[in-house]
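Labels below follow one simple rule: chain letters A, B, ... track the order of the sequence lines, proteins then strands, and each chain is numbered from 1. Computed from a prediction, not measured in an experiment: that's the story for all the values here.
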Amino acid sequence: MHTGLLLLVAAAAMLTSIGAGWRAPRVWLAAVLTSLAAVLAAALAVLGGGAEWVWRGGIAVGGEGLYLRLDAISALFLALLGVVGAAASVYAGEYWAEAAHPRSARPGRVWWSVMLLNLGWVLLASNGLHFLIGWELFTLAAYFLITLDRQRREVRAAGWLYLGASHAAVLALFGFFTLLAVRTGSWDLGPMRDRPELAPLFWLALFGFGLKAGMFPLHIWLPSAHATAPSHVSAMLSGVTLKIGIYGLVRFSGWLPVPLAAGAVVAGLGVASAVLGVAFALGQHDLKRLLAYHSVENIGIILLGLGFALVAASQGNPGWGRLALAGGLLHVWNHGLFKALLFFGAGSVLHSTGTREMSRLGGLWRAMPWTAGSFALGAVAISGLPPLNGFVSEWLVYLGLIDATLARGAAAWAALGAAILLGVTGALALACFVKVCGVVFLGAPRSNEAAGAHECGPAMRGAMGVLAGMCVAIGLAPLVFWPAIARAAGAWNPAWAGTDPPAPLLQLGWVHVALVLLVAVAAGWLWRRVRARGLARAVTWDCGYAAPTARMQYTAGSFGGLISEWFAGILRPERHEQRPEGYFPAAAALTEHTPETVLERVVEPAGRAVLRVSALVRRLQHGRVQAYVMYILIGLVALAAWACLAGA
Amino acid sequence: MNSILDLILRLDCWLLLAPLLPGIINKVKAWVAGRRGPPVLQLYYDLARLWKKGVVMSTLASPAFVVLPAVTWVAVLGAAMLLPLGPLGAGLSFRGDALLLLYLLALGRFCTAWAAMETGSAFEGMGTVREVSYAVLAEAAMIAAVLSLSVQSGSISLAAMLAPAMGASAALLAAGLFIVLLAENCRVPFDDPATHLELTMIHEVMVLDHSGPPLAVILHGAAMKLLLFTVLLVQAVLPMAHLKPLLAAAVLAGGVLAVTVAVGLVESLLARFAFRRVPLLLTTAFLLCLFALLVAWKGGLP
């Protein structure tokens, strides 16, 4: 079908869903799914090799004619929106149902549709003003979704922080688009790579889009917003809206010229986000906050790929830049899929036990085998382990980095360091996800809530199943998905057009398939052997201790302790302990907490300093008319003196 | 036909020879201590005995507890298949297979750690934390080692990386990889495989609750991992590409034996380090590999 027609259907269906969201949940779901299916079809048509779709309409919005464009880059992100959005919408129907949330389920559906509509709009808009309008609308819709449960104080606080931070980003983007419009004489966007005077604008874009993407150290709003939002919203925020920030960076670093240092800065921020994101994650004991910090980490990996692509583009487009970019772009998809899957899993746990505190969970696999299984799959994927999708994209980035080293260009040294730190990030992520899975799903329940857990319903399981299936599919058949990534890379930099895979993805796919088959055979064989030889159950071996309790298990805090200590210089964990004293010690306690260090140690003190200075200035204004008259007099005298002196 | 023969030969090498290594190490330790020690083939007997036994499983554990050792075993075997084996070359070689090898080992680590957390035991939690935390440093060292081999040979596939003649950085690389070998296989001074005190163990404590056939699979997998690291170390340092096949096989076997004896000697002469000092030693390994990388870099400049 024609791309324009598909998008028209999508827009019409989404508008219908905004209307239907208040009264008719089923119509709403059908309309949302129809719309997203149409969007996905349009995106896949372009990614599958179809022509770029450009449309100029006669209708003017805000004085500007409509100008839409669907190229491979837009299509890449639009496809992610289609898949994750559809899964999250199905999930939301059960997770945030009318019965449990009578006040907020209706506005939740309406804002959800508004957000999806504007996300799609931002991805298609090729006019700076329209881009900004869509951007602001989806930011606001996301704010209302984050604060659906606004009876709770922490939700309101997180919402405010999100709103404030987002508007700092909007401010930067407003500056970016206005300056761009002033310098080019038009709000229209498009390739303008031959205008070097536009390059400095990149820094504004980096601030605005980087803040939205959750890049370190601009991630301050991210952990609390993702942790306190309803889980389907968290999944969408982390899986898709962060990627809109990445979309902005990719889009405008592709269309506009960039400063020479841009690549190095983006890659450096990427490495910092990756390593520190996962280090902070290890210190968390709130399940969703931990996942939120992993978003910072994965955004870092994406930025690392993009950064080296920018470096390559400034050095004559060697092939390693294409590998790094492709790795980053594939990671956009991958992170969207597995992070949404993990947030769905976390939501299912929260739904069932009512707590996000990992130290109150444990042993959930028994009651929630589906959730535990899909969460485990997501954990393997996000740790970048074969045979799943996370490994494929990290592997592409690695290959790009090592090729950059072997090419011995100016970027070789940076690539060496980045490759080693990427390895460290992978190992840290593995440690963190062993912690999460072990503490939440394995062992014995640590509280009554955990003991009374129950599995989630078919809609939530289905949503998780779809995303898990996508993770497996990209892992086992990376070559099938390669042309889409290659077309997006080609749209970013025409020098890298073409869909031939630069890396042996075919072999990698076969190794992954072989691995899965071998595991199935070996595991089946071992299972049969164990059944044949007899399987008895006994209490866990605890050094001969007769009365083991669930409280003796390793907790989230004890698990992260060792690594948190290594990063203590940056994490600044707070530790309060009361040591056992005397021959018959009675009381002992230890609490550890990793604060939002950047927010609490940097941003808040800076804010307080600004307030203090403002308070000094405010003393000038106190309501005494006599003093105001004096100000005016002093002002006049000063002006007169200046005029006299300047005149003389 | 030839490739099937090749596969069988390769599998034989990995599956059948691997359990020899722990036996040799124990024999060396016994000799140094002036004892007769267990027979070299002891692990084979142990494996056969375990394979026939029934399983006692923790009441807390899920069925995955039994199955995950098989996943770890397959991951290690898969990694071994990627590694060239002297005159046999690599079973499968492509650009970037070195990274796949590292990540397959990481997959094995994930599965072992998962199985350990299944039991809800404080000891196994402790061992898991140590394993995954030290692995962070070991991973950095391994990546640096892979990069140095890669820079030295100008390639990212193991077959080409391990082929060229010994570079100037060989001694540094050998020292670094040897320390990583000791850490990743939980030997002294990182861990004491002979200890029976749960508090002080890493790997052994993670598998405390396993028994019967799954334990046999774990022990065999651990032996294969040791052989894998030994073969990697020997091939990274000794130039074998230009030797005749038989001679190359002999050199490889001799090298593996030498490294194994060295592990035994280290275990006889050193005590286990305090856990506080472990990160320091691993950082040293990382620095050694990093210096090897720098030397390779300088050496490769035209």
Name the region of [X], side chain, backbone, both or neither, that has any atom closer than 4.5 Å to a heavy atom of chain A.
| X | value |
| --- | --- |
| B/E139 | side chain |
| B/F286 | side chain |
| B/L290 | side chain |
| B/L92 | side chain |
| B/K53 | backbone |
| B/L293 | side chain |
| B/V217 | side chain |
| B/L105 | neither |

Option in [options] with maximal non-hydrogen atom pairs under 4.5 Å from chain A:
| options | answer |
| --- | --- |
| B/I143, B/L60, B/V132 | B/L60 |
| B/G54, B/S133, B/P214, B/A140 | B/S133 |
| B/A135, B/G212, B/P63, B/A216 | B/P63 |
| B/V136, B/L104, B/V67 | B/V136 |
| B/P279, B/A75, B/S62 | B/S62 |
| B/S150, B/A138, B/A116, B/C111 | B/S150 |

### Message
For A/V539 versus B/T59, what's the shortest heavy-atom pair and its separation?
### Response
CA-OG1, 4.1 Å
### Query
If every non-hydrogen atom of A/A538 is compared with every non-hydrogen atom of B/V56, which pair is closest and at what distance?
CB-CG1, 3.6 Å
Among the listed options [options], the residue most often paired with chain B at heavy-atom distances under 4.5 Å:
| options | answer |
| --- | --- |
| A/S558, A/G524, A/A522, A/G423 | A/G423 |
| A/C432, A/A431, A/A514, A/G426 | A/A431 |
| A/G560, A/P504, A/A523 | A/P504 |
| A/T405, A/L416, A/L518 | A/L416 |
| A/L421, A/L422, A/L535, A/V521 | A/L535 |
| A/V424, A/V380, A/I402, A/T555 | A/I402 |

Is [X] close to chain B through its backbone or its side chain, or both, or neither, when contacts mean heavy atoms under 4.5 Å?
| X | result |
| --- | --- |
| A/E394 | side chain |
| A/L505 | neither |
| A/P445 | neither |
| A/L406 | side chain |
| A/V511 | side chain |

At what distance, to the nearest 0.5 angstrom, does [atom1] of [X] lie from [atom2] of [Y]?
| X | Y | atom1 | atom2 | value |
| --- | --- | --- | --- | --- |
| A/Y398 | B/L99 | OH | CG | 6.5 Å |
| B/R130 | A/L562 | CZ | CG | 8.5 Å |
| B/Y103 | A/W395 | OH | CH2 | 13.0 Å |
| A/W566 | B/L137 | CH2 | CG | 4.0 Å |
| B/R109 | A/L385 | CZ | CG | 8.5 Å |
| B/S211 | A/W541 | OG | CH2 | 13.5 Å |

Contact check, side chains of [X] and [Y], non-hydrogen atoms, under 4.5 Å:
| X | Y | value |
| --- | --- | --- |
| A/V434 | B/E131 | no |
| A/F559 | B/T128 | yes |
| A/V530 | B/M57 | no |
| A/Y554 | B/E124 | no |
| A/F391 | B/L100 | yes |
| B/T119 | A/L442 | no |
| A/L515 | B/L107 | yes |

### Task
For A/F441, enumerate each residue passing the ring-ring contact (aromatic ring centres under 6.0 Å, His included) test, keeping only those at least two apart in sequence or located in another chain.
A/F375
So, does [X] use its side chain to make a donor-acceptor pair with the main chain of [Y] at under 3.5 Å?
| X | Y | result |
| --- | --- | --- |
| A/R533 | B/P213 | no |
| A/R537 | B/A61 | yes |
| A/W527 | B/V66 | no |

[X], [atom1] atom: more than 12 neighbouring heavy atoms under 6.0 Å:
| X | atom1 | value |
| --- | --- | --- |
| B/W51 | CH2 | yes |
| A/W413 | CH2 | yes |
| A/R529 | CZ | yes |
| B/F291 | CZ | no |

### Message
Just to be sure I understand the criterion: a residue of residues 364-374 of chain A counts if one of its heavy atoms is under 4.5 Å from a heavy atom of chain B. Which ones qualify?
### Response
A/W365, A/R366
### Query
Under 3.5 Å, is there a donor-acceptor pair linking the side chains of A/T540 and B/S58?
yes
